[in-house]
Amino acid sequence: MAAKKGDSGHAINAVNVGKIVDELKSLGSLYQPPSTSLEATELEKEVEPSQDVVKAVAAPKEVFDNTTDLRKAQAEVMKGLLRNALGNLQATDGVTKEQVGRFKAHYKQFTGANVREQGRKKKKALAAAKAKADSSNSQETTEVPEVTEQQHSVSQQSYEKKVANSYDAVSILESITQYNPKDPKAATAYVRSEVDKFHALNRKVDADYKPYGAALKARDIQLYAPETGSVIKAKKVKSFISNTDAFSVSQKKTFINIKFTVPATKKLHL
């Protein structure tokens, strides 16, 4: 099975495990590895599972990305609503500076929690630009960095603070009897309903990460787990053949030309 245009590095690695097996079969009895796990029949058992776990990431990733985008959009909605409410609050007679200050503090905390999201957008833009620049020189596409469990946790905590500040801000509005704006989008009931949407989306992002994170972990265990990963075994096969006198230069070159790109340990979901 050949790698297809647009395949990620993981997909190409999985396909190349199959190529290694095909080449081992062509060697026949000449190939005598010292370990049973590196025998052609054993490594062949890894080919289909390796390709399956790569494919299995796509569906939960799409769900997670879509919900994340919806949450980001709702965060922008909330930012605008809170800013609009602040303007109405400041223009309301009988409201004290202390009340305005309390509301403004939560608004500022809300807007300040968006630093990591801006960093993510910049990374995506840089990755997309690099992919476009490299597309004519490489068979692989440059991928947007995947979200590790730790990164998701940090992001989730940031958005939980946004939700909390949104609820605190609207509670302040509800406690001010003088606050009765004519703009329906500044009304406390409307603002609270939008906070509820934001809260629900934030919870859904957390729920949607679980199958996505599980798929990433299953893929990386299958491909890259120390000693047992199919790609790790295939690389051992390459090294064995390259350094063994039983094989000709042309045979060695065939295996050398089958490339694997193993992500850095900190990027793996193990």
Side-chain angles (χ1 to χ4, degrees), residues 3 6-17 46 49-76 112-132 134 138 140-164 198-235 259-270:
D7 272 350
S8 70
H10 304 293
I12 293 170
N13 283 344
V15 167
N16 285 350
V17 170
E46 307 278 359
S50 296
Q51 294 175 6
D52 287 345
V53 291
V54 171
K55 295 174 185 175
V57 171
K61 181 181 188 302
E62 183 177 5
V63 172
F64 174 73
D65 287 347
N66 287 342
T67 310
T68 300
D69 288 342
L70 289 173
R71 180 180 66 177
K72 181 173 66 176
Q74 186 63 15
E76 287 301 308
N114 202 36
V115 174
R116 189 177 181 280
E117 184 59 46
Q118 293 299 324
R120 176 174 171 267
K121 288 168 67 176
K122 288 180 181 178
K123 285 181 180 179
K124 288 180 73 174
L126 287 171
K130 190 174 188 302
K132 185 176 181 180
D134 292 348
S138 174
E140 299 183 26
T141 59
T142 302
E143 299 174 274
V144 176
E146 294 168 335
V147 181
T148 65
E149 188 172 350
Q150 182 178 3
Q151 288 170 332
H152 168 68
S153 178
V154 171
S155 176
Q156 199 66 22
Q157 289 176 32
S158 174
Y159 274 97
E160 284 170 2
K161 290 178 182 178
K162 282 176 172 285
V163 170
F198 187 33
H199 180 43
L201 281 170
N202 194 48
R203 293 181 66 180
K204 191 172 188 305
V205 167
D206 197 33
D208 288 347
Y209 182 77
K210 290 178 174 61
Y212 173 46
L216 290 172
K217 185 170 289 188
R219 181 201 65 196
D220 288 358
I221 289 173
Q222 172 64 41
L223 297 183
Y224 309 115
E227 301 299 325
T228 61
S230 59
V231 170
I232 304 305
K233 290 179 182 177
K235 286 174 67 67
K259 306 293 186 181
F260 294 96
T261 304
V262 178
T265 302
K266 64 180 180 180
K267 293 184 178 180
L268 290 175
H269 309 265
L270 297 174

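No hydrogens, no waters, no symmetry mates; every other heavy atom, side chains included, goes into these values. All values reported here derive from a predicted model rather than from experimental measurement.
Counting heavy atoms from C-beta outward, Ile12 and Thr261 have side chains that stay 4.5 Å or more apart. Taking the side chain as every heavy atom from C-beta outward, Val57 and Tyr212 approach each other to under 4.5 Å.
Scanning both residues, Glu227 and Ile232, for their nearest heavy atoms gives N-CG2, 4.0 Å.
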Task: Stepwise side-chain contact (heavy atoms from CB on, under 4.5 Å) test for Lys204 and Arg71 - done: CA-CA 9 Å; Lys204 191 172 188 305; Arg71 180 180 66 177; over 6 Å; no
- [ ] Begin from the C-alpha positions of Thr68 and Tyr209 and carry the test side-chain contact (heavy atoms from CB on, under 4.5 Å) through to its verdict.
- [x] CA-CA 10 Å; Thr68 300; Tyr209 182 77; over 6 Å; no
Open item on the list: Please evaluate residues Gln156 and Asn202 with respect to the criterion side-chain contact (heavy atoms from CB on, under 4.5 Å), reporting the C-alpha separation (whole Å), side-chain torsions for both, the decisive distance (0.1 Å), and the verdict.
Closed with: CA-CA 8 Å; Gln156 199 66 22; Asn202 194 48; 3.3 Å; yes
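Under the side-chain hydrogen bond (donor to acceptor under 3.5 Å, both in side chains) criterion, Ser50 pairs with Gln222, Ser230, sequence neighbours left out. Legend: residues meeting side-chain hydrogen bond (donor to acceptor under 3.5 Å, both in side chains) with Tyr224, ordered by chain and number and at least two apart, are His10, Asn13. Applying the side-chain hydrogen bond (donor to acceptor under 3.5 Å, both in side chains) criterion to Lys235, with sequence neighbours excluded, gives no partner residue.
At least one test fails for Lys61 against the ring of Phe64: distance under 6.0 Å to the centre or angle within 45° of the axis.
No donor-acceptor distance shorter than 3.5 angstrom exists from the side chain of Asp220 to the backbone of Leu268, with no hydrogens or angles considered. Although no hydrogens or angles enter the test, the distance criterion places a donor-acceptor pair under 3.5 Å between the side chain of Thr67 and the main chain of Val63. Using modelled atom types, one side-chain atom of Asn66 and one backbone atom of Glu62 make a donor-acceptor pair closer than 3.5 Å. Distance alone, capped at 3.5 Å, places no donor-acceptor pair between the Glu46 side chain and the Ala14 backbone.
Interatomic distance, Lys72 NZ to Leu201 CG, rounded to the nearest 0.5 Å: 13.5 Å. One distance of note links CG of Asp206 with OH of Tyr159; it measures 13.5 Å at 0.5 Å rounding. Here the straight-line distance linking atom OG1 of Thr148 with atom NZ of Lys267 works out to 11.5 Å at 0.5 Å rounding. With rounding to the nearest 0.5 Å, the separation of CG in Leu223 from CD in Gln51 is 10.0 Å. One finds the CZ atom of Arg203 at 10.5 Å from the CD atom of Glu160 (value rounded to the nearest 0.5 Å). Rounded to the nearest 0.5 Å, atoms CG (Leu270) and OG1 (Thr265) are 8.0 Å apart.
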